[in-house]
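Below: the structure, in structure tokens.
The analysis underlying the following values was restricted to heavy atoms, covering all of them including side chains, and did not include hydrogens, waters or symmetry mates. Values in this document were obtained by computation on a predicted structure and should not be read as measured data.
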Amino acid sequence: PAGLIMNVAKSGYRVFSANSTPACTELSKKITERLGVELGKSVVYQESNRETRVEIKESVRGQTIFIIQTIPRDVNTAIMELLIMAYALKTSCAKNIIGVIPYFPYSKQCKMRKRGSIVCKLLASMLAKAGLTHLITMDLNAIIVAKSPSAAKRAQSYAERLRLGLAVMHGEAQCSESDMADGRHSPPCVRNTIGHPGLELPLMMAKEKPPITVVGDVGGRIAIIVDDIIDDVEDFVAAAEILKERGAYKIYIMATHGLLSADAPRLIEESAIDEVVVTNTVPHEVQKLQCPKIKTVDVSMILAEAIRRIHNGESMAYLFRNITVDD
């Protein structure tokens, strides 16, 4: 309608979808419907040589632009779509370009490990260079059972707010051979023969990690483990087994981003986990068909409100401080 288009123009901002996959299109439409605006006109496609092409079909000069991008299985293509669209909007003289990326790709690689690199930092620098001025991403942690002592403080804050008990899982699973390959975790089980020929050094044994245990009473209760990402599910399955042994009545896993790679659906279906609840930040329709335990929560409402608050200069902290238990 003409009135709606006029309102969009007066609002001074546009919302674009960075790809045409059903998951991204559906989320983008839900967000724009809640905001009462139309989705920006653009074309994103792959050429025959697999290069990504982006065409902006309307003027964005002097406006604030929000780019919505979900991350499908082809992560690197999604990144290129986002980078090229951001750069196209920048060269079209957009005032501000804000990326709405519910699941930030490469977020697992956010710490220096072994002889690697912090890929998450690299990606953030690339997005800034392409033209992004701000970024909206998600991590909706609400924890009742903390998977490790390091998560206990955050778990306690949610447990107090929800007026629920708190349990903390302590200990570690054994490292895989790949983690031990560079020999930097523990010394090898050999005698050191370097030194004085008459001095025999003691055998250097690798450190043993304590088994996973639970601090807190979960007997007869519903146990909920919350994390930001659920991808490889072996740790979750192992945690569920321990919670079940401790007498937990039901076991739920709640994660913001449901990547659920490889055999994750099958492992969940065969495990003691009763239900896995994830959001629609990442498409996972195939996994849901393979495992009916996987449920989805729509996050378009909170993303739409975040966009509205940023555009109007309102507090983002207020948005999260004042979410009620019912929400």
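- Residues I65 and N96 fail the side-chain proximity criterion, which asks for heavy atoms closer than 4.5 Å.
- Here the closest heavy-atom approach between residue A240 and residue I251 is recorded as O-CD1, 3.1 Å.
- Counting only distance, with no hydrogens or angles, the side chain of T279 and the backbone of V299 share no donor-acceptor pair below 3.5 Å.
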Worked verdict on T296 versus H284 for side-chain hydrogen bond (donor to acceptor under 3.5 Å, both in side chains): CA-CA 9 Å; T296 308; H284 49 265; 2.8 Å; yes
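- For the atom pair I307 CD1 and I302 CD1, the distance stands at 12.0 Å (nearest 0.5 Å).
- A distance of 15.0 Å separates CD1 in I253 from NZ in K295, rounded to the nearest 0.5 Å.
- Looking at S300 and R34, their side chains do bring a donor and an acceptor atom within 3.5 Å of each other.
- Between the side chains of Q69 and E81, at least one donor N or O lies within less than 3.5 Å of an accepting N or O.
- Under a 3.5 Å cut-off, the side chain of D231 and the backbone N or O of S261 do form a donor-acceptor pair.
- For the pair E58 (side chain) and K41 (backbone), a donor-acceptor distance under 3.5 Å is present.
- One hydrophobic cluster, built from ILVMFWY side chains closer than 4.5 Å, cannot hold both V100 and Y87; they sit in different ones.
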Worked verdict on S92 versus R61 for side chain to side chain contact (heavy atoms under 4.5 Å, CB included): CA-CA 6 Å; S92 298; R61 180 179 296 273; over 6 Å; no
Pair T64-I310, side chain to side chain contact (heavy atoms under 4.5 Å, CB included): steps then yes or no: CA-CA 10 Å; T64 296; I310 287 177; over 6 Å; no
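- When the shell of 6.0 Å around CZ of R53 is examined, it contains 12 or fewer heavy atoms from other residues, nucleotides or ligands.
- Remark: side-chain polar atoms of E55 are not paired, donor with acceptor, to backbone N or O of V44 under 3.5 angstrom.
- Salt bridge absent: E38 and R14 never bring a charged side-chain N and a carboxylate O closer than 4.0 Å.
- L132 and M126 fall within a single hydrophobic cluster, where Ile, Leu, Val, Met, Phe, Trp and Tyr side chains are chained together by heavy-atom contacts under 4.5 Å.
- For the atom pair L260 CG and D232 CG, the distance stands at 10.0 Å (nearest 0.5 Å).
- Annotation for V15 and L39: closest pair O-CD1, 3.3 Å, computed over non-hydrogen atoms.
- Within the model, atoms OG of S17 and CD1 of I68 stand 7.0 Å from one another, a figure rounded to the nearest 0.5 Å.
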Derivation of the side chain to side chain contact (heavy atoms under 4.5 Å, CB included) call for N280 and V297: CA-CA 6 Å; N280 58 342; V297 174; over 6 Å; no
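- Two residues are said to be in side-chain contact when any heavy atoms from C-beta on lie closer than 4.5 Å; T70 and V282 fail this criterion.
- The shortest side-chain heavy-atom distance between L267 and E234 falls under the 4.5 Å cut-off.
- Remark: K293 does not engage E275 in a salt bridge, criterion side-chain N to carboxylate O under 4.0 Å.
- Between the CD1 atom of I273 and the NZ atom of K244 there is a distance of 10.5 Å, given to the nearest 0.5 Å.
- A donor-acceptor pair is defined here as one N or O able to donate and one able to accept, closer than 3.5 Å; such a pair exists between the side chain of N49 and the backbone of E51.
- Of all non-hydrogen atoms in I229 and F236, the two that sit nearest each other are O-CZ, 3.9 Å.
- Put simply, the side chain of D298 reaches to within 4.5 Å of the side chain of L27, judged on heavy atoms.
- At a threshold of 4.5 Å between side-chain heavy atoms, the hydrophobic network of Ile, Leu, Val, Met, Phe, Trp and Tyr places V233 and V286 in two separate groups.
- Considering every non-hydrogen atom in both I56 and S42, the closest pair reads CD1-CB, 4.2 Å.
- Closest non-hydrogen pair, A23 versus P283, comes out as CB-CB, 3.6 Å.
- The minimum heavy-atom distance linking C120 with F104 is given by the pair SG-CE2, 3.6 Å.
- Using a 4.5 Å heavy-atom cutoff, the side chains of Q46 and T52 are in contact.
- Both I101 and L122 are members of a single hydrophobic cluster when ILVMFWY side chains are connected at heavy-atom separations under 4.5 Å.
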Worked check of side chain to side chain contact (heavy atoms under 4.5 Å, CB included) between I230 and L259: CA-CA 6 Å; I230 178 168; L259 303 187; over 6 Å; no
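- Ring planes of Y13 and F66: perpendicular class, angle over 60° (limits at 30 and 60°).
- For the pair E33 and K29, the salt-bridge criterion is not met [side-chain N within less than 4.0 Å of a carboxylate O].
- A heavy-atom distance below 4.5 Å is not found between the side chains of V43 and V54.
- Side-chain contact between L243 and R246: absent, with no pair of heavy atoms (C-beta onward) separated by less than 4.5 Å.
- P102 is listed as a side-chain neighbour of L303, based on a closest heavy-atom distance under 4.5 Å.
- With respect to the salt-bridge test (charged N to carboxylate O, under 4.0 angstrom), the residues E285 and K288 do not qualify.
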Criterion side-chain hydrogen bond (donor to acceptor under 3.5 Å, both in side chains) on Y45 and N19, from CA distance to verdict: CA-CA 8 Å; Y45 61 95; N19 69 58; over 6 Å; no
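- Atom CD1 of residue I98 and atom CG of residue L135 lie 10.0 Å apart, to the nearest 0.5 angstrom.
- No side-chain donor-acceptor contact under 3.5 Å links T25 to the backbone of P22.
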